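Here is the structure we will look at.
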Protein chains: 2
Amino acid sequence: MPTIYEVAAAAGVSPATVSRVFNGANVSAEKAEAVRKAAKALAFTPSRTARTLRLQSSEVIALVIPDIENPFFTALARGVEDVARAAGYSVVLCNTDEDHEKELRYLDIALSATMAGVIIAAAGGNSDLSGLLARKCPVVAVDRSPHGVDVDAVIVDNRAGGRAATQALVEQGFQRIACITGPSDVETATQRADGWRDAVTGGRAAEADDRYLRYADFRVDGGAAAMSDLLAMPEPPDAVFVANNLMSVGALRVLSEQGKLPPATGVAVFGDLPFLPLVPIPITVVHMPARHLGTTAAKLLLERINGDDQPARTIVLRNQLTPVG
Amino acid sequence: MPTIYEVAAAAGVSPATVSRVFNGANVSAEKAEAVRKAAKALAFTPSRTARTLRLQSSEVIALVIPDIENPFFTALARGVEDVARAAGYSVVLCNTDEDHEKELRYLDIALSATMAGVIIAAAGGNSDLSGLLARKCPVVAVDRSPHGVDVDAVIVDNRAGGRAATQALVEQGFQRIACITGPSDVETATQRADGWRDAVTGGRAAEADDRYLRYADFRVDGGAAAMSDLLAMPEPPDAVFVANNLMSVGALRVLSEQGKLPPATGVAVFGDLPFLPLVPIPITVVHMPARHLGTTAAKLLLERINGDDQPARTIVLRNQLTPVG
DNA sequence: ACCCTGTCAGAAATCGATTTCACCGTCAAG
DNA sequence: CTTGACGGTGAAATCGATTTCTGACAGGGT
């Protein structure tokens with residue numbers, strides 16, 4: 001790796017001048033030309049590390065997500081990426097696997113590498129953003145807003161979505177509507193379950209319908225296990241609201257195995273499965289604007305990076321109910 | 001961000017001693033204790049940037065992939081991640097979107113941030129790894145081995161897989177077997193098509209069967225467009241070999257729309273669709289060991305990082321043919 | 001003539017951690 | 001009693017780019 005000093009020597013100028021050439025300061029035309037030629041000849045690339053150390057900030061933003069194998073989060077990542085790179089920033093993806101330890105490690109890296117900012121879909125429960133906030137590192141929460149800390153957030157109305165999805169099942173005439181949701185320490189999971197509870201109890205007081213509620217892990221196998229469990233009940237449900245996309249794959253798989261696919265069983269899902277709609281199975285889907293969540297979060301973050309310090313905002317995007325199949 | 005100097009001052013020692021405490025060198029018990037206490041009190045985290053600058057290397061490896069929304073690559077990423085973090089490395093994901101410019105930019109970053117190494121599934125055509133190689137930055141190619149450069153590679157036997165998949169269709173009695181493959185400048189695409197050609201021509205000389213060959217883009221919509229195109233032929237194919245997972249989604253979607261789903265049409269796919277097998281559609285799948293590709297590539301890279309400099313190796317993993325549905 | 005302003009460019013300080021070098025004790029071997 | 005080895009420590013150099021400070025020089029106004 002050639003350095004700025006070698007370029008300077010080759011061009012017969014000082015390192016300061018080389019730096020100025022690359023940063024658009026006042027340099028005479030001849031020297032600028034000489035520097036550019038020397039730089040090309042040496043295949044010089046300025047060291048980002050040195051630059052970051054000196055400037056105490058880089059043009060990299062960290063995107064911290066809990067499950068890289070979930071298409072929802074990858075679509076969201078694309079949204080973040082599009083906006084970020086248009087503004088000259090690079091995005092590095094960090095997969096926490098819903099694990100607080102991994103999450104903390106990545107946040108630590110973001111901080112000690114003085115990244116420009118962090119967009120985070122927090123792993124379950126109480127993510128520790130105190131380090132970032134104490135150092136005034138710009139943070140935007142997306143999809144899930146971490147417990148108790150006051151940061152910009154871009155979310156959807158999980159309760160309303162859960163309610164609408166469940167309501168659709170009610171209107172289709174199903175009687176015993178179960179709910180498979182995510183970990184009880186993940187906000188989106190409990191809120192979607194709340195929406196389900198709203199709809200099944202209707203105006204009436206809540207009965208003991210939590211018999212039909214299952215907490216799983218937002219993953220395929222968890223959804224399958226919960227579905228099996230529900231179907232094994234003495235009085236099994238005749239419909240199910242599944243609180244995320246991956247779990248619905250597991251649930252449908254089990255229903256398929258037991259010959260109870262829709263329309264025999266009512267199914268409503270929170271979130272899209274981009275690779276699902278091959279075959280006409282009549283299910284209800286609450287569409288998640290994944291990419292928009294990402295672009296919006298990225299825009300907020302860029303504003304913060306550029307010095308905006310108004311009080312934290314929460315942006316709630318709409319999600320649409322669409323029957324599929 | 002407190003620095004090592006502030007910790008040193010608080011603990012009443014020199015910065016050198018603080019560094020030694022954190023790097024396991026010889027320090028007396030009392031001083032070590034004092035340093036640790038001061039560091040805790042100040043919430044000190046050593047600056048990775050400064051460390052990287054001084055050591056001229058970091059514990060971060062870059063994983064460069066062409067499509068983050070393809071489950072194959074995210075599974076591969078999980079494999080890389082597992083191995084890397086077990087060895088104390090962090091992984092940053094870089095999505096090139098099959099775009100050479102983006103790819104080059106990320107490789108440039110990897111270099112100028114002195115990352116420990118790069119694992120790359122090259123965007124189509126001739127990826128420029130010369131910068132990395134000139135600087136002796138460890139590189140491992142995965143899934144696709146870049147044109148002309150001699151680096152470690154972990155791949156599957158695309159031609160054999162394509163042949164086996166197509167052969168299965170032949171044995172099922174289909175007569176006019178089409179092929180939808182990826183961009184013609186992506187090695188895996190042409191190799192899989194070669195395998196298809198092997199099987200359809202059997203022992204005989206190749207006829208003009210390229211009428212049934214379509215180059216698409218390895219994405220859902222491209223697969224759909226190619227399938228539509230094929231079905232609009234005067235003598236449409238009665239079976240199709242689709243060279244990657246996402247395109248098969250598009251193809252199946254079109255077949256579904258036209259009421260020609262398997263078994264009416266024969267379908268064989270190169271690569272798994274984790275979210276596909278909900279409904280029993282009889283298709284043939286060439287299983288891709290995505291995660292294994294990732295773990296293997298990561299292991300090779302770690303060996304290189306640790307100084308192994310034997311000649312470049314190519315590891316070919318097996319892929320299994322499995323009928324599904 | 002004199003001063004002021006502005007442009008251009010180099011020397012040197014700076015960012016924060018690591019590491020070499022030098023030095024001081026202490027203890028064991030000769 | 002000397003020599004050497006070794007553990008412990010700090011001062012200072014180092015990694016590579018940026019930026020302040022400073023000075024040289026040119027041109028314009030009075």
Side-chain angles (χ1 to χ4, degrees), chain A residues 1-36 38-39 42-60 108-116 131 135-137, chain B residues 1-36 38-39 42-60 108-116 131 135-137:
Chain A
M1 290 292 283
T3 73
I4 204 172
Y5 296 94
E6 299 169 42
V7 175
V13 300
S14 77
T17 300
V18 177
S19 173
R20 285 193 262 256
V21 169
F22 281 92
N23 293 290
N26 283 329
V27 176
S28 72
E30 319 95 83
K31 302 225 175 195
E33 187 50 35
V35 167
R36 256 184 278 273
L42 294 170
F44 166 73
T45 313
S47 157
R48 274 186 162 71
T49 309
R51 178 167 217 275
T52 300
L53 177 61
R54 178 63 228 247
L55 297 182
Q56 294 292 303
S57 83
S58 65
E59 312 88 350
V60 176
D108 202 53
I109 290 180
L111 203 51
S112 71
T114 55
M115 292 191 182
R135 269 76 164 201
K136 306 202 179 309
C137 173
Chain B
M1 291 291 285
T3 73
I4 204 172
Y5 296 95
E6 299 169 43
V7 174
V13 300
S14 77
T17 301
V18 177
S19 172
R20 284 192 262 257
V21 169
F22 281 91
N23 293 289
N26 282 329
V27 175
S28 71
E30 321 93 81
K31 301 223 174 194
E33 186 52 34
V35 167
R36 258 184 277 274
L42 294 171
F44 167 73
T45 313
S47 157
R48 274 186 163 71
T49 309
R51 179 166 214 275
T52 300
L53 177 61
R54 178 64 228 247
L55 297 182
Q56 294 293 301
S57 85
S58 65
E59 312 89 349
V60 176
D108 201 53
I109 291 179
L111 203 51
S112 72
T114 55
M115 293 191 181
R135 269 76 167 200
K136 304 199 181 311
C137 174

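Being a predicted model, the structure only gives us computed values, none of them experimental.
We find that CZ of Phe22(B) is positioned 16 Å from P of dT9(D), with the value rounded to whole Å. At whole-Å resolution of the value, NZ in Lys31(A) and C1' in dT7(C) are 13 Å apart. Here the P atom of nucleotide dA13(D) and the CG atom of Leu55(B) are 20 Å apart, to the nearest Å. Rounded to whole Å, the distance from CD on Glu6(B) to P on dA17(C) is 9 Å. Following rounding to the nearest Å, Met1(B) (CE) and dT14(C) (P) show an atom-to-atom distance of 20 Å. Distance Ile4(B) CD1 to dA12(D) C1': 14 Å, rounded to the nearest Å. Note: CG (Leu53(B)) to P (dT18(D)) measures 12 Å, nearest angstrom. Rounded to whole angstrom, the span from the CZ atom of Arg54(B) across to the P atom of dA17(D) amounts to 16 Å.
Closest approach to the Ala50(B) side chain among dT19(D), dA17(C), dT9(D) is made by dA17(C) (side chain taken as heavy atoms from C-beta onward). When each of dA17(D), dG10(C), dG10(D) is scored by its nearest atom to the side-chain atoms of Tyr5(A), the top-ranked nucleotide is dA17(D). The side chain of Asn26(A) approaches dC8(C) more closely than any other nucleotide in the set dT18(C), dC8(C), dT20(C). Comparing dT18(D), dG16(D), dA11(C) against the side chain of Ala16(A) picks out dA11(C) as the nearest.
Inter-residue side-chain proximity for Lys31(A) and Val21(A) is flagged as unmet; no heavy-atom pair is nearer than 4.5 Å. By the 4.5 Å heavy-atom criterion applied to side chains, Thr114(A) and Arg135(A) are not counted as neighbours. Contact annotation: the side chain of Arg48(A) approaches that of Asp108(B) to within less than 4.5 Å [non-hydrogen atoms, C-beta and beyond].
Of the two residues near DNA chain C, Thr17(A) and Thr3(B), the one whose nearest nucleotide lies more 5' is Thr17(A). The residue among Ala29(B) and Arg51(A) whose nearest nucleotide of DNA chain D is located toward the 5' end is Ala29(B).
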field: Stepwise side chain to side chain contact (heavy atoms under 4.5 Å, CB included) check, Leu111(A) with Met1(B)
entry: CA-CA 9 Å; Leu111(A) 203 51; Met1(B) 291 291 285; 4.0 Å; yes
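Side chain Arg48(B) to base dG16(C): no donor-acceptor pair is found below 3.5 Å.
Proximity of Ser14(B) to the phosphate of dG10(D): a side-chain N or O atom is located under 4.0 Å from OP1 or OP2. Under 4.0 angstrom from either OP1 or OP2 of dA9(C) there lies at least one side-chain N or O belonging to Ser28(A).
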